[in-house]
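Because the structure is predicted, anything quoted here is derived from the model rather than measured. Lettering follows sequence order; numbering is per chain, from 1.
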Amino acid sequence: MMNYPQVLFKNRKPDRIATLEEYRQSGGYEGLGDALSKASHKDVQQVLLDAVLLGRGGAAFPAGRKLMTVADDAPHPRYIVCNADEMEPGTFKDRVLIHADPHMLIEGMIIAGYGAQAEKGIIFIRPEYESAARILEREIKIAKEAGYLGKNILGNGYSLDIVVHRSAGRYICGEVTAQLNALMGKRANPQQPPPYPTEKGLWERPTVLQNVETLACMPHILRNGPEWFKNLALTETGAGTKIFCASGKINSPGCYELPMGIRLSEIIEVHAGGMVEGSEYKACLPGGASTRFLPREFYDIEMDFDTLRNVGHRLGTGAIMVFDQKTCLVAATLNLVEFFARESCGWCTPCREGLPYIRDLLRRLEEGEGEEEYIPMLQQMSKHLWSSYCAFAPGAVSPVESLITYFEDEVREHISQKKCPFK
Amino acid sequence: MPKIIIDNHEIEVPEGTKVIEAAEQLGIMIPRFCYHPALGSVGACRVCAVKFLEGPFKGVQMSCMIDVKDGMIVSTTDEEAVEFRQYVIEWLMLNHPHDCPVCDEGGHCLLQDMTISGGHGMRRYLGLKRTYRDQYLGPLVQHEMNRCIHCYRCSRFYQEFAGYFDLGVMQSANRTYFGRFKDGILESPFTGNLSDICPTGVYTDRPSRFFGRRWDYQRSPSLCINCSLGCHTTASARYREVVRQEARYSEAVNGYFICDRGRHGFHYARNETRPRRALIEGREVSTEEAIRAAREKLAELVKSAGPDSIACLGSGRSGLETQAMLKQLCQEKGWQGPSYFMDKSLAGKVKTAVSRLDPELAVSLHQLEGSDAIIVVGADPINEAPMLALAMRQAQRHGGKIAVVDPRPIFLPFDFTHLPVRPDEINLYLSALIKGAVDPQLIAEAGKGAAEFYQVSPSLEIVADSLQEKASILAQELRAGQKVVIVCGTQIVRETTPALAADHAQLLRAAKKQVGLFYLLPQANSFGASLLTGDEVSFSEILEGIEDGRVKSLILAENDPFYNFHDRQRLDLAIEKLDLLVVLDYFESAAVKKAQVFLPTSTLYEGGGIFINQEGRLQAAPKAYLGGISIAQIGGGNHPPRVYGRDIPGGEVRAAHQFLTQISNGDQIEDDDHTQRSLLRWIADNITPLPEIPPFDELAENGMRISSSDNTPPYFAVKWQEEKDKGNGLEDSLEIILTDWTFGTEELSSFSPPLRKLERSPCASMHTKDAARLGLDHGDKVKIKLDEGDVEVDVCAEENMASGAIVLPRHRLLEWQKIKSFPKFVSYEDVKKVST
Amino acid sequence: MKCNVDLTYAMIPKELKELLARQIAGIEHPRELVVDVMFAVQDHYGYLSDEAVEEVAELLDMSPLEVEQLATFYTFIYREPVGKYVIHVCDSVICWMEGHESLLDHLSGKLGINLGETTSDGMFSLLPVCCIGYCDRAPAILINKKVYGPLTIEKLNDILERLRAEA
Ligand SMILES: Cc1cc2nc3c(=O)[nH]c(=O)nc-3n(C[C@H](O)[C@H](O)[C@H](O)COP(=O)(O)O)c2cc1C
Ligand code: SF4
Ligand code: FES
């Protein structure tokens, strides 16, 4: 097995969390010290941009660019929010990261906070991750005692406080603007820009929101430089490592830190222990429930944002869910749509009403009551769900669309046999 | 200004105009559910999708969410957009019940229209429909949640626009539910608007349920006369009765909304108790007989005691025609009056307000929404004129600062600063605040009048210690404000306040601010009454005349002094003494019962009428229907009886001004339009100049503002020295302040059965400190000794009001008319707990 | 103007109320705490009763409806009574593929309740939940927010017995 450099998982241990001391020994908080003493917040933005650090929460937006959109003369206080909601089905990397090395996230937040000149940090975390929330609260205190948080950090004049905010659980809370509404004690409906959160976010103040993994990359970039980070990837277009969470019909489900651009086949066969006995690879969702099924023909694809985009797919969160030849993908899609229909925030019509409609069609297909015309209906309806208010619904129909694109025959068998061929 | 091409038509619109709005200006009505001009765009329903062909946006996008930009080319008929909209409608119909045949919204349902025009006809969805449980929301609004299409208009109106938080959105996904935390009466006094803005039948007008469909109704533009703002309404009549009233758009006045008092205040016109037949000594007679009797008796009196033995009382709830006719008669016949006000002081205040309403200062409700600071003196918006509170909320939402100087426990649905001071201190506080807010340099430059006024007027030092901080913050906020409006009431304030408000508006203007002046008047047409008021006798003087036998006959034209006059004992004795009481009115009042001759007059809905609102806006309402007793009442609930004849049953009612002509001059009456015009001309020729009044239907949307200021304003006329001396020696007494409540005090709406269900029972509000001194707790019963006996009422102990005052509602269920004169003070000994 | 006598009766313990009030007073934007306050009050009652909604509203100077708008939005706020142990069975795609259905059937049969119900002894409630972020331990469930997985029928039986014994 190839041994790739472990950056984010450097201090990961099977049974416990890395302490502040261990984190420090591995170079932790050096990047921060350098940044605060030698670099301006503009430099930090530039370094992150040069490193091509793309958001790991699913949308792949360049982190450096996001920081740059905070105007110099924008009002204070400003906020840095860490998105630890992680409710995308199949995704559990943020949880593992926090349990491995919480200070990496804390340092990342301070760096991003510095880059935005923010004075308030909030970690938004889902209720299922109560143990992670407690770890963070404890380690935040420790970091504060060590002078990394609070007033005048490391004597360099910059101040930041971080609090942990527990959510009460809804997938849509992971979407940036919905999350800000949730934080303000409003219903977590998304809010279409303009204004962008970096202009008017929490309490009308500039707010930068990043995923846990994105933030965790930052200390390393600042310490080792953008070139180093880019070179971690195996592909030209990629940068850095990526934590892939593998699950489904594989022998070793779990989180693996691997270079960006690593082949899917290698992830499955080498790192995730291969397909389980008697299973053959049929398809995977490469980046969570809101990405498209990657069929066999892409089995060797290089997993980075650009490569997947170029073939009409998305890397999303890098949560690889593997389906085998014995799994009915109509049933799997029905399950996924069930999830989305339940989790829709209920704000806009296509998502609120269209998803239950799609669910109904899929259920009929799965139960052998399908009709030929359901296939074009599913296609058209999915297409129109892209005109919903936020990115939730386009994500929700991604499995449906790719089901028909790649597995239309399987769908048709349900109709012609008047039953699920897998039952 | 950017230009856009929509469906091959080009239009140029102001920056910030949404594509959906630009299209509407071109006459292209893009479908919409969630967008509403007053509530703005939120992009929730997705039915306004159009295709952007050129410009910064491409593809299918929501036209309500995108500002017009140069270079945009948009198609509303593009196949993809049309198909998408079709889907949106199909989605919305998945769960919508097919209850159109029994739904009260049927026929004016936006969803129905869109479903049909959007081309969705065949149901494809085979799944079950979602169902919800409905809630009881009170007597005005019916809830039927299954019909909901989740446009969020209701919660956005209710919470964001109106500022109440007991109705909103619960649950999520396709279980999203709009309603209250628990069943119960909605707290907002603006709930009827829910029925107007709901694009389908989730919220419908409850009192008029199952009465008819929109197309069954005779719908006509009308006016609300339940307060002085003059909101525009649409009256719906069917089977000879008005059954529903809705908000009618008026840019200048009420925008898209009205309050519940206005919406449901019309029942006096349809109640079964409404007297429809003429009476002589309580006996039903033909109208002609009653007219003849009145005319003959009046003639006899003129002969025996002279024309000045006859006196007339009109009111501020009559149309201008009746008010003017009354005036004309008095002038021509030498009768006394008319008086339109119950006391001289009120008449004086209204008169001052009307004459000081400089056209440069007068602002409409709409303009007030755009102000950045509002100072309210002696007015309680939510209770006196609810739509004023809604307009003020819009100013506040846009960052405006609001201050209220008033002794009453003021509630407003937004953040504001309240300076609870006694009525005699209102002037001082107004002055202090404004003085603190203007730049002395600018005042000095503005000329001698302003400078001298500024010099002598009291400054922030007079403010009580406990209010110092609030007052100085307020003064700063006012100083920062560029568009400042002074709102001034006329009911509880001292006589000098209206003039002082105008003076201070002038002072602000001298300090280079954009200034607005906004008076509240006691009744819908108090403005008209005031225009017509010269140096006639006051009602009090009429009573004196009756008392010493000079006045022998009283004509009451649409005024019930038994409801409105404060000194009941005196009134009772005087009325007893009369030789002749002629009453013209359209509801069953105490005065009607005492009349020797009673003539049933038409309401606004049957007679139409001209009203001038508090801002000087002349508005005209046409007839809504021909009048007569409703078919339901004639049939006793059964099928209408088949009585053949040409006349409308109960159609003997006439406009009060017609009766007035008839009892004075004979039987000839002219048609309405002619009378209206000739009376307007008469006013213009004899009383006050009026501009050219165009055909009334051209006034439909915004009316027409007429200037009333007398043009030689004695600016800065108030003598401060006198002012400061007042208000002394009151320390150990409580001032009785009579107030309006949203429901239960205003005369016309107090006849409304649905509104009666919302009335609170009367209570006496006093400051907790005063209550404590009197040994009273919130909820105790007290006996208050007034001049003519006691009243018993519950105590409301409040923190947010002036101490040294007792606030009593002018409630139909409270005998407040035991007061000889105002201001009225009682001692602490006069207020006693009643043990129960 | 409020005219009705104010009926404020404290139902959560005074100390808890004061603690929450202090936290609320100490923060610039109290509404950031609404979820925390709902959780705290829910922990006290076991679920967020109507009275609890009203108490949360009072603490945060919100209307009960405003609290309800949030309480009913979230998965982990219970507006109806639940058992001592709330079992959330993950039904998202990986757990589904790994046999969540048979787990659920087993649980249902063993406890004698359907999804959304509580055992008559008030011990267990059974609720569905979407992906809990433990797909590497599928099929997984939560019991009072603690994760168990990967589960087999036997393991599940053990857990239930242990919980019953502890109770
Ligand atoms: C429906 C929806 C759910 C999302 N959930 C999450 C989430 O749970 N965690 C996350 O980090 N990002 C989530 N995102 C992406 C965020 O909106 C946002 O892009 C991201 O958190 C930004 O951080 P990044 O740039 O560091 O990735 C979600 C987006 C959508 C549309
Ligand atoms: S697509 Fe619409 S309903 Fe769905 S989550 Fe986004 S805003 Fe809410
Ligand atoms: S009107 Fe534009 S989305 Fe509803």
With a 4.5 angstrom heavy-atom cut-off, could you sort out which part of [X] is near chain A: side chain, backbone, both or neither?
{"X": "B:Ile149", "value": "backbone"}
{"X": "B:Gln171", "value": "backbone"}
{"X": "B:Arg175", "value": "side chain"}
{"X": "B:Ser172", "value": "both"}

Shortest non-hydrogen separation from [X] to [Y] and the atoms involved:
{"X": "A:His384", "Y": "B:Phe84", "value": "O-CE1, 3.3 Å"}
{"X": "A:Asp360", "Y": "B:Leu126", "value": "OD2-N, 4.3 Å"}
{"X": "B:Val42", "Y": "A:Tyr389", "value": "O-CE1, 3.1 Å"}
{"X": "B:Gly43", "Y": "A:Cys348", "value": "O-CB, 4.5 Å"}
{"X": "B:Leu92", "Y": "A:Arg352", "value": "CD2-NH2, 3.8 Å"}

Just verifying a value: how many Å separate [X] [atom1] and [Y] [atom2], rounded to the nearest 0.5 Å?
{"X": "B:Arg124", "Y": "A:Leu361", "atom1": "CZ", "atom2": "CG", "answer": "8.5 Å"}
{"X": "A:Gln192", "Y": "B:Met62", "atom1": "CD", "atom2": "CE", "answer": "8.5 Å"}
{"X": "B:Tyr87", "Y": "A:Thr349", "atom1": "OH", "atom2": "OG1", "answer": "15.0 Å"}

Looking only at heavy atoms and a cut-off of under 4.5 Å, which of [options] has the most pairs with chain B?
{"options": "A:Arg359, A:Lys383, A:Arg342, A:Arg364", "value": "A:Arg364"}
{"options": "A:Ser344, A:Ala188, A:Cys351, A:Ser387", "value": "A:Ser387"}
{"options": "A:Arg170, A:Met381, A:Glu373", "value": "A:Met381"}

In terms of heavy-atom contacts, does [atom1] of [X] have more than 12 from other residues, nucleotides or ligands at under 6.0 Å?
{"X": "A:Trp386", "atom1": "CH2", "result": "no"}
{"X": "B:Leu128", "atom1": "CG", "result": "no"}
{"X": "B:Lys69", "atom1": "NZ", "result": "yes"}
{"X": "B:Asp415", "atom1": "CG", "result": "no"}
{"X": "B:Arg130", "atom1": "CZ", "result": "yes"}
{"X": "B:Lys182", "atom1": "NZ", "result": "yes"}

Could you tell me which portion of A:Tyr374 (side chain, backbone, both or neither) has an atom closer than 4.5 angstrom to a non-hydrogen atom of chain B?
->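 The side chain, not the backbone.
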*Does any heavy atom of chain B fall under 4.5 Å from the side chain of A:Arg363, the backbone, both, or neither of them?*
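The answer is neither part of A:Arg363.
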Are A:Pro350 and B:Trp91 close enough that some pair of their side-chain heavy atoms sits under 4.5 Å apart?
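Yes, side chains in contact.
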Parallel, tilted or perpendicular, as decided by the 30° and 60° cut-offs, for the rings of B:Tyr125 and A:Tyr357: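 It falls in the perpendicular class, over 60°.
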Donor-acceptor check, side chain of A:Arg187 to backbone of B:Val169, threshold 3.5 angstrom: yes or no?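 Yes: the side chain of A:Arg187 pairs with the backbone of B:Val169.
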Are A:Glu353 and B:Asn174 linked by a side-chain donor-acceptor pair shorter than 3.5 Å?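 B:Asn174 and A:Glu353 do not have a side-chain donor-acceptor pair below 3.5 Å.
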